[in-house]
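One structure below.
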Amino acid sequence: DDPLGVPKMIARHKNEMSFTAYGAPFFTYKYKRTGLAEKDAETLLGLAEMLLAEMEEDMTVRKREERKPAEDEGREEQRDG
């Protein structure tokens, strides 16, 4: 299991996104250019905001999942003790 959720993110954006792990790791996102600089800038900003929101959500879910086993152990200890 990848702790950063990279495969999940790549799978979600199949043909548009790739990940390079060597050197300084980075994502590459492919989008359709319109040829109008203002529209392309707007598109890129929207895509960046969407990707960051998805990454934030994935991290929040992952943190919740990591906490859950620890919380469950605490409940079991309270019942036993």
Side-chain angles (χ1 to χ4, degrees):
D1 189 31
D2 177 28
L4 300 176
V6 172
K8 183 179 177 181
M9 179 67 96
I10 298 299
R12 199 178 301 143
H13 299 279
K14 296 175 200 161
N15 300 321
E16 296 100 10
M17 182 182 279
S18 63
F19 179 72
T20 303
Y22 62 87
F26 62 92
F27 289 95
T28 301
Y29 193 92
K30 298 173 191 165
Y31 75 102
K32 286 189 176 186
R33 294 174 60 180
T34 64
L36 300 171
E38 190 172 301
K39 182 69 175 165
D40 285 341
E42 185 179 315
T43 299
L44 283 173
L45 182 57
L47 288 169
E49 289 172 344
M50 175 196 69
L51 292 169
L52 289 171
E54 286 180 12
M55 289 177 184
E56 181 179 36
E57 176 63 23
D58 288 348
M59 288 174 53
T60 301
V61 168
R62 197 168 299 107
K63 284 180 183 178
R64 238 183 271 135
E65 290 170 353
E66 288 172 358
R67 265 184 277 168
K68 189 173 182 174
E71 290 171 359
D72 290 345
E73 283 179 21
R75 287 186 192 123
E76 287 177 18
E77 288 174 9
Q78 288 175 353
R79 280 185 242 147
D80 294 340

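If you read the sequence from its start, that first residue is 1, and numbering goes on from there.
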For residues 20-30, the side chain to side chain donor-acceptor pair (under 3.5 Å) pairs (sequence neighbours left out) are none

Does Met59, at its CE atom, have more than 12 non-hydrogen atoms belonging to other residues, nucleotides or ligands within less than 6.0 Å? no

Separation of Met55 CE from Met50 CE (nearest 0.5 Å): 9.5 Å

Where at least one partner belongs to residues 9-19, residue pairs that pass salt bridge (Lys or Arg N to Asp or Glu O under 4.0 Å), sequence neighbours excluded: Arg12-Glu54, Arg12-Asp58

Mind jotting down which residue pairs meet the side chain to side chain donor-acceptor pair (under 3.5 Å) criterion with at least one end in residues 36-52? Sequence neighbours excluded, please. Thr34-Asp40

Residue pairs involving residues 38-64 (criterion ring-ring contact (aromatic ring centres under 6.0 Å, His included); sequence neighbours excluded): none

Residues which pass side-chain contact (heavy atoms from CB on, under 4.5 Å) with Ile10, listed by chain and number, not counting sequence neighbours: Val6, Met17, Phe19, Phe27

